Amino acid sequence: MNYSSTRCTNNQERVSAAQAIKQGLANDGGLFMPDSIPSLSLSDIENLIDKSYIERAAEILSLFLTDYTKEELLEDCKAAYSEERFVGGAAPLKSIDGKVFSLELWHGPTCAFKDMALQIMPRLLCRALEKTGEKRDAMILVATSGDTGKAALEGYRDIDKIRIKVFYPVDGVSRVQKLQMATQIGKNVDVCAIHGNFDDAQTGVKKIFADAKIAKDLNDKGIFLSSANSINWGRLAPQIVYYVSAYCDMVKMSEIKLGEKIDVCVPTGNFGNIFAAYIAKMMGLPIEKFVCASNKNNILTDFLATGTYDRNRKFYTTMSPSMDILISSNLERLLYTLAGAEKTAAYMKELNTTGKYTLDAETKAKIDENFYGYCCDEEDTAKTIRETFDKYGYLCDTHTAVGLSCARQYAAEHSTNKIVLASTASPYKFANDVFSAVSGKTATDELSALTELSAYTGTDIPAPLAEIDKREIRFTKTINATDMPADVMSFAD
């Protein structure tokens with residue numbers, strides 16, 4: 001299977017899966033997409049039901065990464081999703097209220113859903129370097145709104161021939177997220193805060209990728225750039241797996257019959273996670289509708305309602321910071337899938353020049369067939385956390401609460417299907433806000449909130465977050481976004 005850019009109309013840049021994973025971003029600034037979507041029959045799904053998550057992952061990935069052998073993928077999945085890395089298993093499914101089922105994607109080493117892709121992606125990249133005959137070292141460049149950065153740092157640390165540089169907004173992540181990154185160990189890692197928000201960091205990274213002089217200067221040093229953000233197909237492909245796995249588990253739990261449709265709700269920022277679910281539907285997984293859940297930064301809610309994407313709006317810093325995004329990069333992949341490369345390129349050009357674009361009626365109608373958008377403000381986020389814990393004994397983080405609120409809004413208006421909700425982070429990643437929501441009290445500080453939340457709810461602090469304040473701080477630098485290119489070149493020395 002080959003991959004093409006979402007903006008390429010003449011198929012000039014068609015590459016292998018290994019090349020797409022190594023390269024990250026297409027040469028024209030577009031995102032790589034497979035030339036076709038493999039099919040998944042009900043018989044195929046049935047054959048996966050009694051298999052482990054590791055076996056399911058290897059099987060689904062082999063359909064997309066055809067230049068990797070099944071043996072290689074199984075070996076990588078065994079290493080990535082081991083019991084040691086995912087205590088209690090990867091992506092367990094738990095009923096919240098009999099209607100909504102929480103797909104807990106946060107049992108990995110950084111307590112966030114990004115681990116599901118970023119524990120296997122470094123292994124895929126290492127193989128990609130070998131498969132493409134690459135002699136240079138790779139520099140992974142990441143912009144993060146909190147979780148991707150730590151997950152990528154943890155996945156790539158001390159990997160041979162790879163170094164990783166992470167940028168994050170200095171006031172746009174939680175205290176725990178900041179400490180996770182600032183205390184990261186590894187000889188090949190670097191972390192830098194920037195003045196501004198996540199979109200400033202992401203735009204800065206994209207500009208670096210598009211700068212021919214930087215590419216030449218790095219090449220002279222024996223280095224090339226690649227990405228661990230969800231713009232990289234190696235990040236997105238593993239996300240398809242857990243929706244297939246969740247459906248298998250729903251059948252195995254006798255919550256649905258094989259072939260019965262479900263709905264999927266995803267708290268959404270960069271649109272990669274929900275687009276992975278859409279690809280699963282394109283493959284043949286029985287999903288009926290997708291609920292795109294947003295926080296106060298409800299740009300996607302407005303887009304799905306009106307067909308106009310307009311980033312020229314006020315940016316809000318919320319208690320669900322990983323969703324504080326006004327430029328949802330992976331939305332480009334959905335546009336490409338529904339409207340083709342020519343229209344997608346035009347939309348992206350308009351977005352870059354004016355900050356907005358409006359879909360044609362045909363594309364908007366196609367989106368309406370599958371997607372609903374809902375949003376949840378700060379007050380309702382806290383209320384959802386409190387009421388869900390009080391009524392069902394289920395403790396969720398701020399992002400999952402946004403998703404749960406939106407899932408309930410959608411269910412009240414539309415759905416008779418059972419809903420799989422992507423639960424994207426441990427409540428302890430955002431302990432301060434979660435503690436305040438469930439108790440009505442204010443924690444002494446963000447770090448003591450971990451122990452106070454544990455004591456109040458009778459739940460355990462995940463091992464990766466325990467005593468995080470006692471670890472050595474390694475990275476303290478904060479720069480302007482305009483200084484990001486110079487900082488990257490400095491890391492290359």
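Note that the structure is predicted; figures quoted are calculated from it, not measured. We number each residue from 1, following the sequence as shown.
Atom CZ of Phe32 is separated from atom CG of Asn232 by 9.0 Å, given to the nearest 0.5 angstrom. Atoms CD1 and SG, from Ile274 and Cys292 in turn, are 4.5 Å apart once rounded to the nearest 0.5 Å. Residue Leu225 holds its CG atom at 10.5 Å from CG of Leu25, rounded to the nearest 0.5 Å. Note that CG of Leu453 is 10.0 Å distant from CG of Asn432, once rounded to the nearest 0.5 Å. Rounded to the nearest 0.5 Å, atoms CD1 (Ile327) and CD (Glu332) are 12.0 Å apart. Atom CD of Gln409 and atom NE2 of His414 lie 10.0 Å apart (nearest 0.5 Å).
Between the side chains of Tyr410 and Glu413, not a single donor N or O lies within less than 3.5 Å of an accepting N or O. Side-chain polar atoms of Asn370 and Lys289 form no donor-acceptor pair below 3.5 angstrom. Under 3.5 Å, the side chains of Thr308 and Tyr357 contain no donor-acceptor pair of N or O atoms. Trp106 and Thr424 are not linked by any side-chain donor-acceptor pair at a separation below 3.5 angstrom, with hydrogens and angles left out of the test. No side-chain donor from either of Glu446 and Ser174 sits under 3.5 Å from a side-chain acceptor of the other. Side-chain contact of Lys150 with Gln184: a donor-acceptor pair under 3.5 Å is present, judged by distance alone. With 3.5 Å as the limit, one finds a donor-acceptor pair spanning the side chains of Asp445 and Ser448. Using a 3.5 Å distance cut-off with no hydrogens or angles, the side chains of Glu55 and Ser52 do pair a donor with an acceptor.
The minimum heavy-atom distance between Ile120 and Pro238, with the atom names listed, is CG2-CG, 3.7 Å. Smallest separation of non-hydrogen atoms from Ala466 and Arg471: O-NH2, 3.1 Å. Nearest approach of Val420 to Ala246, heavy atoms of both residues: CG1-CB, 4.2 Å. Residues Ala382 and Ala437 approach most closely at O-CB, 3.6 Å, considering heavy atoms. Leu450 and Leu465 get closest at one heavy-atom pair: CD1-O, 3.9 Å. Between Asn298 and Ser294, the shortest heavy-atom contact is CA-CB, 4.0 Å.
In this structure, the side chain of Arg157 does not engage the main chain of Arg163 through any donor-acceptor pair within 3.5 Å. The main-chain N or O of Tyr156 is found under 3.5 Å from a side-chain atom of Asn188 such that the two form a donor-acceptor pair. Without hydrogens or angle criteria, Ser436 side chain to Lys441 main chain gives a donor-acceptor distance under 3.5 Å. In terms of modelled atom types and a separation under 3.5 Å, the side chain of Ser226 and the main chain of Lys22 share a donor-acceptor contact. A donor-acceptor contact shorter than 3.5 Å is absent between the side chain of Asp158 and the backbone of Gly186. One N or O on the side chain of Lys178 and one on the backbone of Val170 form a donor-acceptor pair closer than 3.5 Å. Put simply, the side chain of Thr6 gets close to the backbone of Leu31: a donor and an acceptor are under 3.5 Å apart. Distance alone, capped at 3.5 Å, is enough to place a donor-acceptor pair between the Ser454 side chain and the Thr459 backbone. Under the 3.5 Å distance criterion, the side-chain polar atoms of Arg235 are left unmatched by any main-chain donor or acceptor of Ala117. Judged purely by atom type and a 3.5 angstrom limit, Tyr309 has no side-chain atom pairing as donor or acceptor with the backbone of Ile299.
Looking at Leu48 and Ile60, their side chains come closer than 4.5 Å, going by heavy atoms from C-beta outward. Between Asp397 and Thr400, some side-chain heavy-atom pair lies under the 4.5 Å cut-off. At least one side-chain heavy atom of Met181 sits less than 4.5 Å from a side-chain heavy atom of Thr144. Counting heavy atoms from C-beta on, the side chains of Cys248 and Ile45 come closer than 4.5 Å. Between Val191 and Lys477 the shortest side-chain heavy-atom distance does not fall below 4.5 Å. By the 4.5 Å heavy-atom criterion applied to side chains, Thr457 and Phe435 are not counted as neighbours. At least one side-chain heavy atom of Tyr81 sits under 4.5 Å from a side-chain heavy atom of Met116. Looking only at side-chain heavy atoms (C-beta outward), Lys429 and Gln180 come within less than 4.5 Å of each other.
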- Task: Mind running ring pair (Phe, Tyr, Trp, His ring centres under 6.0 Å) on His399 and Phe430 for me, showing each step along the way?
- Result: CA-CA 9 Å; His399 304 74; Phe430 307 94; 4.6 Å; yes
- When you look at Glu467 and Ile461, which way does the side-chain contact (heavy atoms from CB on, under 4.5 Å) test go after all the steps? CA-CA 10 Å; Glu467 298 187 336; Ile461 303 172; over 6 Å; no
- Message: Working note: Tyr372 + Phe290, criterion ring pair (Phe, Tyr, Trp, His ring centres under 6.0 Å); need CA distance, chi angles, decisive distance, verdict.
- Response: CA-CA 6 Å; Tyr372 286 92; Phe290 301 88; over 10 Å; no
- Checking ring pair (Phe, Tyr, Trp, His ring centres under 6.0 Å) for the pair Phe86/Tyr53: CA distance, chi angles, key distance, verdict? CA-CA 11 Å; Phe86 286 83; Tyr53 188 87; 8.0 Å; no
- Item | Evaluation steps, side chain to side chain donor-acceptor pair (under 3.5 Å), between Asn273 and Tyr243 | CA-CA 10 Å; Asn273 206 357; Tyr243 293 107; 2.8 Å; yes
- Can Ile419 and Ile262 be said to form a side-chain contact (heavy atoms from CB on, under 4.5 Å), step by step? CA-CA 6 Å; Ile419 301 171; Ile262 62 169; over 6 Å; no
- Task: Determine, stepwise, if the pair Ser230 / Asn330 fulfils side chain to side chain donor-acceptor pair (under 3.5 Å).
- Result: CA-CA 7 Å; Ser230 57; Asn330 272 290; 2.7 Å; yes
- Task: Applying side-chain contact (heavy atoms from CB on, under 4.5 Å), run through Ile279 and Phe275 and close with a yes or a no.
- Result: CA-CA 6 Å; Ile279 290 179; Phe275 183 69; 3.4 Å; yes
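A salt bridge links Lys165 to Asp190: one of the charged nitrogens lies within less than 4.0 Å of a carboxylate oxygen. A salt bridge is absent between Glu379 and Lys383: the closest approach of a Lys/Arg side-chain nitrogen to an acidic carboxylate oxygen does not fall below 4.0 angstrom.
A 6.0 Å sphere centred on CD of Glu84 holds no more than 12 heavy atoms belonging to other residues, nucleotides or ligands. No more than 12 heavy-atom neighbours from other residues, nucleotides or ligands sit within 6.0 angstrom of CZ on Arg175.
Each of Arg311, Lys356, Arg313 was evaluated against Asp302; a single residue qualifies, Arg313, per the salt bridge (charged side-chain N to carboxylate O under 4.0 Å, His left out) test. For the pairing with Asn295, the side-chain contact (heavy atoms from CB on, under 4.5 Å) check across Asp324, Thr268, Asp380, Thr301 returns one residue only, Asp324.
Residue pairs meeting the salt bridge (charged side-chain N to carboxylate O under 4.0 Å, His left out) criterion with at least one member in residues 98-122, sequence neighbours excluded: Lys94-Glu104.
Residues passing the salt bridge (Lys or Arg N to Asp or Glu O under 4.0 Å) test with Lys364 are Asp368, sequence neighbours excluded.
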